[in-house]
Amino acid sequence: VTPAVDGLISDARAAVDAVALDSRPATWDNVAEPLAEPLDRLDRAWSVVRHLNAVASTPAWRGAYHANLPKITALHTDLAQDLRLFRRYRELAASPSLTRLDAAKRRAVANELRDFRLGGADLPAREKARLKAVDEELAELAARFDDNVLDATSHWALYVADRNELAGVPDAVLAEALPVVGDDHDVRVPEQPLGLGGAQIPGQAPVEPGDPPVVGSPGLPRERGALG
């Protein structure tokens, strides 16, 4: 993960420098277009890392995610506060070429200018540094919160003493649950919003249509039918 992220961030920063140092009149083709591909490649790669950390996390994967999160956050904060890019986008917004762009591209330029202002491009240097530190801390706190929610969900279990409550639950689901505590004890069943099965999306098991209602999650009504 780290070598790939470092390479993509390096490509993105190189593209930013090339656009910022370009002395030609600002146009869509020499301002917005050169930034789109490297930033999109980084975003798509990081989206995979973030998604896998949310649905199939392991200690190693989580460590890699947290090790690289500050780099991603710093890049986006630096982009939002880059006065060179801000100036190029303002030149583009004031250029006659803007009127020849379609509505979607004109909106994209307007949104970029808005994001520069919201990201602190106009702030004094000290306040920029403070905002960057806050952004990085917030990103890390949000990631830790996600970890805690994932861990709590993964460790939640429902213990059923009366097996009559499991009438209608598919055999495949029971086969996964029964060995956890043995045939002579309560059945450990991981939580699902509308029935029984693994707590994570890949481990969901259907509740067969037409079966009697089965145990639902705390606070939710008992449901029947297949899980989507």
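- For the pair Leu150/Ser57, a side-chain contact is recorded, criterion being any heavy-atom separation below 4.5 Å from C-beta on.
- Arg44 has a carboxylate O that lies under 4.0 Å from a charged side-chain N of Asp40, or vice versa, which qualifies the two as a salt bridge.
- For Pro38 against Ala15, the heavy-atom pair with the smallest separation is CG-CB, 3.6 Å.
- Within 6.0 Å of CD on Glu140 lie more than 12 heavy atoms contributed by other residues, nucleotides or ligands.
- To the nearest 0.5 angstrom, Leu85 atom CG is 11.5 Å from Leu92 atom CG.
- No donor-acceptor distance shorter than 3.5 angstrom exists from the side chain of Asp135 to the backbone of Thr73, with no hydrogens or angles considered.
- A salt bridge links Arg62 to Asp151: one of the charged nitrogens lies within less than 4.0 Å of a carboxylate oxygen.
- Of the possible donor and acceptor atoms, one in the side chain of Trp61 sits under 3.5 Å from a partner among the backbone N and O of Val49.
- With Lys71 contributing its side chain and Val5 its backbone, the two residues share no donor-acceptor pair below 3.5 Å.
- With rounding to the nearest 0.5 angstrom, the CG atom of Leu113 is 11.0 Å from the CG atom of Leu118.
- Rounded to the nearest 0.5 Å, atoms OG1 (Thr27) and CZ (Arg100) are 9.5 Å apart.
- Considering only heavy atoms from C-beta on, Leu35 stays 4.5 Å or farther from Leu79 through its side chain.
- Other residues, nucleotides and ligands contribute over 12 non-hydrogen atoms within 6.0 Å of the CZ atom of Arg114.
- Looking only at distances, a side-chain donor or acceptor of Arg106 sits under 3.5 Å from a matching main-chain atom of Leu101.
- One hydrophobic cluster holds both Val16 and Leu83 under the rule that ILVMFWY side chains link at heavy-atom gaps under 4.5 Å.
- In this structure, Arg144 CZ and Asp146 CG are separated by 11.0 Å, a value rounded to the nearest 0.5 Å.
- Using a distance-only test at 3.5 Å, with no hydrogens or angles considered, no donor-acceptor pair links the side chain of Ser95 to the main chain of Glu91.
- Minimum interatomic distance between Ala74 and Glu136 (heavy atoms only, all atoms of both residues): CB-OE2, 3.6 Å.
- Nearest approach of Ser97 to Ala26, heavy atoms of both residues: OG-O, 4.0 Å.
- The structure places NZ of Lys105 at 6.0 Å from CH2 of Trp28, a figure rounded to the nearest 0.5 Å.
- At most 12 non-hydrogen atoms from other residues, nucleotides or ligands lie less than 6.0 angstrom from CZ of Arg107.
- No donor-acceptor distance shorter than 3.5 angstrom exists from the side chain of Asp6 to the backbone of Pro3, with no hydrogens or angles considered.
- Taking 4.5 Å as the limit, every side-chain heavy atom of Asn68 sits out of range of all side-chain heavy atoms of Ile9.
- Nearest heavy-atom pair across Asn30 and Arg88 is OD1-NH2, 3.5 Å.
- Cluster membership for Leu69 and Leu131, using ILVMFWY side-chain heavy atoms within less than 4.5 angstrom, is not shared.
- The CD atom of Gln81 sits 10.5 Å away from the CG atom of Asp122 when rounded to the nearest 0.5 Å.
- Between Trp46 and Leu8 there is no side-chain heavy-atom pair separated by less than 4.5 Å.
- Taking every heavy atom of both residues into account, Asp29 and Glu33 meet most closely at O-CB, 3.7 Å.
- Surrounding CZ of Arg84 are more than 12 heavy atoms belonging to other residues, nucleotides or ligands, all under 6.0 Å away.
- Side chain to side chain, Asn53 and His66 fail the donor-acceptor criterion of an N or O pair below 3.5 Å.
- A chain of hydrophobic side-chain contacts below 4.5 Å, direct or via other Ile, Leu, Val, Met, Phe, Trp or Tyr residues, connects Val48 to Tyr65.
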